[in-house]
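Atoms considered below: every heavy atom in the structure, side chains included; atoms not considered: hydrogens, waters and symmetry mates. Convention: sequence-line order gives letters A, B, ...; per-chain numbering from 1.
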Amino acid sequence: VMVANTLIDVYGKCGSVDDARRVFDMLNIKHNVVTWNAMIIGYAQHSLGQEAFILFKKMVCMGVKPDKFTYASILKAVSSILALDYGKLVHEQVIKCGFEGDVFVLSSLMDMYVKCGSHEDAQRLFLQTCHQDTVTWNALISGHAHNNDYNLALHCFQNMEQGDCGLDDVTYVGLLSACGHSGLVKESCSHFRAMTESHAIAPTFDHYNCLVDSLGRSGCLDEALSLLESMPFQDN
RNA sequence: UGUCCGCUAGUUCUUC
């Protein structure tokens, strides 16, 4: 079963969800909780939230008790399909199981709430938790970016900067993508500069993509193209 | 019978 679980995981991560499912089905009744989790996260990582949720319900029906891994995974699936009502149902289960304080489950809950448009709930969880760390901050910032809300993303970012948990490259992917969605070129550039100069965070491929996106959306096509050609990464 | 361990989980550009 462990070998099969690993196969499901590998297929899922390599984008062959159908092959993962074939292995999953071959195992038949020998599934353990890891088998279910590996298959659920495989679906979640490919934005197949419906399939993940169907599997989650089936797992519960068959009497397999979801663990922290299951909840973190199913919440990611819920985020991908923006299903706030499913998310709330899952949250109730999380509370019943006493998993709300787990940092993985908590950040998944926050991610789900903010992406599903309920940033007040995400904020509330954040204020209550003892895990105000880089990842939970990032979850808020990235979530606001997904919702095209630069002001809220910036607001979170500034609060994060004032606090004592460090910013990282993911923080800036969130902030820069929020700028990009709003076509805020000047802000993109100044944040990018602050990232490298004040915070000594090395720019990644994603950061350059955000800048190119930002330039492109605001009509600066020549600049976008020249940045694309001069960035220290292979374009795709 | 129980507990623990081994395979699985959170924040990440564009498009959807």
ILVMFWY clustering at 4.5 Å (side-chain atoms), partners of A:Val103:
A:Phe104
Taking only N and O in the side chain of A:Lys76, is any of them less than 4.0 Å away from OP1 or OP2 of B:rU11?
yes
From C-beta outward on A:His181, which listed nucleotide comes closest to its side chain: B:rU8, B:rA9, B:rU14?
B:rU14
NE2/A:His155: more than 12 non-hydrogen atoms of other groups inside 6.0 Å:
no
Side-chain atoms of A:Ile41 come closest, of B:rU8, B:rU12, B:rC7, to B:rU8
Using OP1 and OP2 only, check whether a side-chain N or O of A:Arg217 sits under 4.0 Å from B:rC13.
no
Assess whether one donor atom and one acceptor atom, taken from the side chain of A:Ser107 and the base of B:rG10, lie less than 3.5 Å apart.
yes
So does A:Arg217 pair up with A:Asp213, basic N to acidic O under 4.0 Å?
yes
At less than 4.0 Å, is any side-chain N or O atom of A:Lys13 found next to OP1 or OP2 of B:rA9? Yes or no.
yes
Mind checking if A:Val212 touches a base, just sugar-phosphate, or nothing, with heavy atoms under 4.0 Å?
nothing
Please pick, from B:rC7, B:rU8, B:rG10, the nucleotide with the shortest atom-to-atom distance to any side-chain atom of A:Phe69.
B:rU8
Heavy-atom side-chain proximity of A:Leu109 to A:Tyr71 below 4.5 angstrom
no
Which of the following nucleotides, B:rU11, B:rC13, B:rG10, is nearest to the side chain of A:Ala72?
B:rG10
Taking only side-chain N and O atoms of A:His146, does any of them lie within less than 4.0 angstrom of OP1 or OP2 on B:rC13?
yes
